[in-house]
Amino acid sequence: MAQVSLNNVSKCFPGNVWAIRDINLGIENREFVVFVGPSGCGKSTTLRIIAGLEDASSGKVYIGNQLVNDVPPKDRNIAMVFQNYALYPHMSAYENMAFGLKLRKYPKSEIDHRVKDAAMILGIEQLLHRKPRELSGGQRQRVAVGRAIVRKPLVFLFDEPLSNLDAKMRVQMRTEIKKLHIRLQTTMIYVTHDQTEAMTMGDKIVVMKDGEIQQIADPITLYDRPVNKFVAGFIGTPPMNFVRGTIIRKEGKFYFSEGRFQVKIIDSMTNAAAAYLDKEVIFGIRPEDIYDKLFVSEAPVENTIKATCEVIEPMGSEAYLYLNTGKNPLIAKVGGHNRPAINSEMDLVLDMSKIHLFDKDTDKTII
């Protein structure tokens with residue numbers, strides 16, 4: 001079994017620089033877990049501690065049922081794929097993939113079988129004789145992954161493996177890695193700063209900021225029920241819109257109000273909103289939950305606001321509208337053929353069943 005557990009793991013570098021603080025995390029056997037967050041959040045440091053390339057300042061790391069804090073990387077039964085591929089330039093693809101097995105004194109026949117089997121899985125059988133300089137970035141990455149596969153480790157670790165590839169190749173390779181996980185049925189831990197990679201690849205996503213875990217959940221839960229403003233803004237493209245304003249009550253109904261921006265809170269959310277009556281909060285709504293009133297039948301007046309469309313980004317099947325509501329800019333995601341004219345006045349309908357409210361002091365989710 002290849003569970004990975006981190007119990008109160010922290011890492012402090014010289015100068016009292018804390019990379020991670022009190023990380024508690026359980027990764028189940030055969031899970032594909034993605035660490036995601038901005039640069040400097042501690043995700044790569046956490047991965048390197050699991051690999052044994054960094055020592056934890058405190059806490060315990062388990063792989064399976066074994067405490068591995070004092071176990072060297074070569075004895076942890078893990079394989080790591082690096083951002084820069086880390087291939088030996090003077091060796092062929094075959095020799096790169098076979099090198100680790102040769103060091104472990106595997107029989108030549110076993111090495112040959114494992115290398116060719118991994119090459120078949122990755123579709124690089126015709127490239128085994130080539131040196132790294134004769135391979136494209138995507139092909140080098142496949143060789144690096146193949147070098148990990150041949151070891152048949154308990155856990156695969158990926159440290160931003162696709163960041164050096166072009167956009168089209170990144171999409172292709174993330175699909176290939178996901179297929180690989182399904183085929184090998186092995187525990188995989190993947191680090192990225194790209195939330196699109198995280199959402200499309202992970203069974204479970206660990207969102208990190210400033211060395212701490214913000215939320216651990218599956219992709220849909222992260223998207224629909226973020227625990228705080230940071231997670232809400234980090235997950236999703238374009239990011240969630242945020243507007244600072246006040247909860248007010250008129251004629252027994254609750255509204256979020258900020259100048260020209262005033263919308264009614266739906267009945268199922270009034271209890272939570274009531275606790276913040278006459279208090280400042282942060283209102284959040286995703287771009288796809290904002291609609292042009294022209295394309296919405298029977299739109300409630302209390303969910304409608306006015307805006308000016310200042311910029312349009314056509315994306316093919318959809319378009320991003322950059323809107324001015326007076327004080328607060330908004331982004332809306334609409335159908336590619338439903339674009340308004342630049343500088344046109346629009347009536348926008350907000351889907352109030354999809355909104356979020358956040359405490360302005362703690363950034364924690366209210367609704």
Side-chain angles (χ1 to χ4, degrees), residues 36-38 41 195 198-199 205-217 219-250 253-291 300-311 320-334 346-367:
V36 67
C41 71
Q195 57 93 16
M199 293 289 283
I205 300 173
V206 180
V207 183
M208 298 184 67
K209 177 192 176 191
D210 298 334
E212 297 180 348
I213 292 175
Q214 302 294 304
Q215 188 171 359
I216 304 171
I220 297 301
T221 299
L222 276 184
Y223 194 78
D224 290 341
R225 298 193 295 279
V227 298
N228 58 35
K229 181 174 176 279
F230 173 78
V231 176
F234 191 81
I235 300 296
T237 304
M240 184 180 287
N241 296 287
F242 297 112
V243 179
R244 190 177 287 258
T246 306
I247 300 295
I248 65 172
R249 182 162 54 190
K250 294 193 308 183
K253 297 179 181 179
F254 290 89
Y255 291 79
F256 172 82
S257 177
E258 195 291 303
R260 292 171 59 189
F261 197 112
Q262 183 168 297
V263 284
K264 178 180 172 292
I265 304 295
I266 64 173
D267 292 344
S268 62
M269 299 180 180
T270 55
N271 287 340
Y276 284 80
L277 181 61
D278 298 326
K279 294 180 181 179
E280 191 175 23
V281 297
I282 300 169
F283 175 97
I285 188 166
R286 294 202 180 276
E288 63 268 27
D289 298 323
I290 302 174
Y291 308 96
V301 174
E302 60 265 32
N303 291 3
T304 304
I305 63 172
K306 292 188 178 295
T308 303
C309 181
E310 296 184 327
V311 176
Y320 302 158
L321 311 183
Y322 291 79
L323 307 160
N324 183 349
T325 64
K327 183 178 178 181
N328 297 286
L330 294 178
I331 304 174
K333 184 190 293 187
V334 300
M346 301 177 64
D347 287 322
L348 300 175
V349 179
L350 310 188
D351 184 347
M352 294 300 292
S353 67
K354 301 288 183 64
I355 69 159
H356 301 266
L357 294 179
F358 305 94
D359 187 295
K360 76 175 182 65
D361 297 318
T362 66
D363 283 348
K364 290 184 179 180
T365 299
I366 302 166
I367 296 174

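Each residue takes its place number in the sequence, starting with 1. Note that these values count all heavy atoms, side chains included, but never hydrogens, waters or copies made by symmetry.
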Measure from the side-chain N and O atoms of [X] to the backbone N and O of [Y], and report whether any donor-acceptor pair falls under 3.5 Å.
X      : Y      : result
Thr304 : Pro300 : yes
Lys229 : Asp359 : no
Gln215 : Val227 : yes
Thr246 : Glu280 : no
Arg286 : Tyr223 : yes

Sorted by chain and number, sequence neighbours left out, side chain to side chain donor-acceptor pair (under 3.5 Å) with Asp363 holds for none
By ring-ring contact (aromatic ring centres under 6.0 Å, His included), Phe234 pairs with (sequence neighbours left out) Phe230
Tell me, do [X] and [Y] make a side-chain contact under 4.5 Å, heavy atoms counted?
X      : Y      : answer
Leu323 : Glu310 : no
Asn241 : Ile290 : yes
Phe358 : Lys364 : no
Ile265 : Phe256 : yes
Leu321 : Ile331 : no
Leu357 : Met269 : no
Phe254 : Ile247 : yes
Val243 : Leu330 : yes

Nearest 0.5 Å please: distance from the [atom1] atom of [X] over to the [atom2] atom of [Y].
X      : Y      : atom1 : atom2 : answer
His356 : Asn228 : NE2   : CG    : 12.0 Å
Lys264 : Glu302 : NZ    : CD    : 6.0 Å
Thr221 : Ile216 : OG1   : CD1   : 12.5 Å
Asn303 : Ser353 : CG    : OG    : 9.0 Å
Arg225 : Ile367 : CZ    : CD1   : 15.0 Å
Gln262 : Ser257 : CD    : OG    : 4.0 Å

Quick one: closest heavy-atom pair of [X] and [Y], and the distance?
X      : Y      : value
Gly284 : Phe242 : CA-CD2, 4.1 Å
Pro226 : Thr365 : O-OG1, 2.7 Å
Ile205 : Pro219 : CD1-CG, 3.8 Å
Gly233 : Pro239 : O-CB, 3.5 Å
Met346 : Leu348 : CE-CD2, 3.7 Å
Ile248 : Asp278 : CA-OD1, 4.5 Å

Discussion item. Suppose we call two aromatic rings close when their centres sit under 6.0 Å apart. Are Phe283 and Phe261 close by that rule?
Written reply: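 Between Phe261 and Phe283, which both carry aromatic rings, the centre distance is below 6.0 Å.
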Stepwise, does the side-chain contact (heavy atoms from CB on, under 4.5 Å) test hold for Val206 with Val36? CA-CA 6 Å; Val206 180; Val36 67; over 6 Å; no
*Criterion side-chain contact (heavy atoms from CB on, under 4.5 Å) on Arg244 and Lys360, from CA distance to verdict*: CA-CA 8 Å; Arg244 190 177 287 258; Lys360 76 175 182 65; 3.6 Å; yes
Cation-pi, Tyr255 ring and Lys250 (6.0 angstrom, 45 degrees) =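 Yes, Lys250 sits over the ring of Tyr255.
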Passing option when Lys354 is tested against Asp289, Ile266, Asp224 for side chain to side chain contact (heavy atoms under 4.5 Å, CB included) =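 Of the listed options, the one satisfying the test is Asp289.
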Q) Taking it one step at a time, do Met208 and Gln214 satisfy side-chain contact (heavy atoms from CB on, under 4.5 Å)? A) CA-CA 5 Å; Met208 298 184 67; Gln214 302 294 304; 5.9 Å; no
* **Other residues, nucleotides, ligands: >12 heavy atoms within 6.0 Å of Lys306 NZ** => no
